[in-house]
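Below you'll find the structure, written out as structure tokens, and then a few comments.
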2 protein chains.
Amino acid sequence: MPPTLPTAENPSPENASSLPETDPRLILATARLKTAGLRVTQPRMTILEALCRQTSPVSIEYLHAGLPAGACDLVTVYRCMAAFERGGLVRRAVIHQGTSLYQVAFGQPETYHVVCRSSGTLAELSPEVSGELQKAVAKAREELRVKGYREVAHMLEFSGVAPPAAPR
Amino acid sequence: MPPTLPTAENPSPENASSLPETDPRLILATARLKTAGLRVTQPRMTILEALCRQTSPVSIEYLHAGLPAGACDLVTVYRCMAAFERGGLVRRAVIHQGTSLYQVAFGQPETYHVVCRSSGTLAELSPEVSGELQKAVAKAREELRVKGYREVAHMLEFSGVAPPAAPR
DNA sequence: GTGGATGCAAAGAATTTGCAACCAA
DNA sequence: TTGGTTGCAAATTCTTTGCATCCAC
């Protein structure tokens, strides 16, 4: 059976080593929060820390399930992600079976994904293709900027039926 | 007040003249249905006919509200749109406040949209930029095809805060 | 001090599912 | 004939909201 998207029920094992507060991405995250006019709170930093550990887009439920016990309420994660998205800290990467999956939007190249409608597998597009897409998206953003749009975000997702896993 | 997205409550007036069965797009739609292994039924043709009349992406609720009275159940529209999307007849264009908006995916150039998070206004990107995006998307599709993906679909949406409407 | 942020509980809304009847191929 | 489709009703599930309390700035 092909690997499926991690769910809130079976979160992938968290990296035990907690990121030090001096992690460059968290420092950047703090700056981004302030720039966006958002307050730097414990729940928010915990959420951003967990988000930075992810290697692929995750759902809010999954993210919450992976936080230290009692870190914060699920509703808070919803509210934070909405604020983060408006502030450009995170990006809604794909919508998988009606659920939004998010990824950090800073400190790393933008990568686009494809969701298998059959197995739920999530795969990345090649850096080359992601780069091409990013370029075209940049042009769109520029057009929108000129037209006066602010806080522009975008969501690009591919879906399809993945080939059966190669037999071994 | 800027124009907002049409809703199920205030559907825009339908064009009274019903499309003749010989409408090229409906003929194409019929062919697409068969190609996708889907049956050609009355509800489906009615839905596709209504969808072809739209000039911008619409929600399922809105689409259903615009159908002739008693044409078919709302659930049927949901199921048909899901089937159409898998079959490549329609494209989920944007997700507006948690609601998916669809548009036909054949017989017309692909256009991408931007949703205003403040007013709900939906606007098109220029044909030039949409074309650029389409090219990059085509490359992605090609990569996925080579990798063995079938029935590839994609969703690309921009959102932002639109500038205040110009005073007149 | 003050307005944004959070927790808890409850509501809201889009979408899905079960099942029997129906009909396109 | 037969498996895909549809209608109706009910359930599911993701997401949002209200409000009192709390805390970052």
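Keep in mind that this is a model prediction, so the values were computed, not measured. To find a chain, count down the sequence lines: A is the first, B the second, and so on, and within it residues start at 1.
Side-chain atoms of A/Val40 lie closest to D/dC25 of the nucleotides D/dC25, C/dT6, C/dC8. Closest to the A/Val75 side chain, of the nucleotides C/dA9, D/dC25, D/dC8, is C/dA9. Ranking C/dT16, D/dT6, C/dA5 by closeness to the B/Thr41 side chain, first place goes to D/dT6.
Residues A/Arg141 and A/His154 share a closest heavy-atom pair of NH1-ND1, 3.5 Å.
With the nearest nucleotide of DNA chain C identified for both B/Thr99 and A/Gly37, A/Gly37 has the one nearer the 5' end. When each of A/Ala71 and B/Leu74 is assigned the nucleotide of DNA chain C bearing its nearest heavy atom, the one mapping closer to the 5' terminus is A/Ala71.
With a 4.5 Å cut-off on side-chain heavy atoms, A/Ile60 and A/Tyr102 count as touching. Counting heavy atoms from C-beta outward, A/Leu122 and A/Pro57 have side chains that approach closer than 4.5 Å. With a 4.5 Å cut-off on side-chain heavy atoms, A/Val58 and A/Leu51 count as touching. Proximity of A/Gln103 to A/Arg92: side-chain heavy atoms (C-beta onward) are nowhere separated by under 4.5 Å. You'll find the side chain of B/Cys72 reaches within 4.5 Å of the side chain of B/Leu67, heavy atoms only.
The interatomic distance linking B/Leu33 (CG) with C/dA24 (C1') rounds to 12 Å, in whole Å. If you take CG of A/Leu63 and P of D/dT15, they are 13 Å apart, rounded to a whole angstrom. Summarising the geometry, the separation between CD on B/Gln42 and P on D/dT6 is reported as 11 Å, rounded to the nearest angstrom. Between the P atom of D/dA9 and the CG atom of B/Asp73 lies a distance of 9 Å, rounded to the nearest Å. Atom CZ in B/Phe84 sits roughly 16 Å away from atom P in C/dT15 (whole-Å rounding). Going from atom CZ of B/Arg92 over to atom C1' of C/dA14 covers 11 Å, rounded to whole Å. In this structure, the NE2 atom of B/His64 is 12 Å from the C1' atom of D/dC8, given to the nearest Å.
At distances below 3.5 Å, at least one donor-acceptor pair connects side-chain atoms of B/Glu143 with backbone N or O atoms of A/Ser126.
In this structure, the helix from C/dG1-D/dC25 to C/dA25-D/dT1 shows an angle of 60° between the axis at its start and the axis at its end, each fitted on 5 base pairs and rounded to 10°.
For the pair B/Arg44 and D/dT5, the criterion of a side-chain N or O lying under 4.0 Å from OP1 or OP2 is met. Here B/Ser100 reaches the OP1 or OP2 of C/dT15: one of its side-chain N or O atoms lies under 4.0 Å away.
Near DNA chain C, defined here as any heavy-atom distance below 4.0 Å, the residues from residues 76-83 of chain B are B/Tyr78, B/Arg79, listed numerically.
A search for salt bridge (Lys or Arg N to Asp or Glu O under 4.0 Å) contacts involving B/Lys139 returns A/Glu132, not counting sequence neighbours.
Evaluated for a side chain to side chain donor-acceptor pair (under 3.5 Å) with B/Thr46, the options B/Arg44, B/Gln42, B/Glu49 yield exactly one hit, B/Gln42.
Hydrophobic clustering (ILVMFWY, side-chain heavy atoms < 4.5 Å, transitive): A/Leu125 and A/Val94 are in distinct clusters.
B/Ile60 comes within 4.0 angstrom of no nucleic acid atom, judged by non-hydrogen atoms across all strands.
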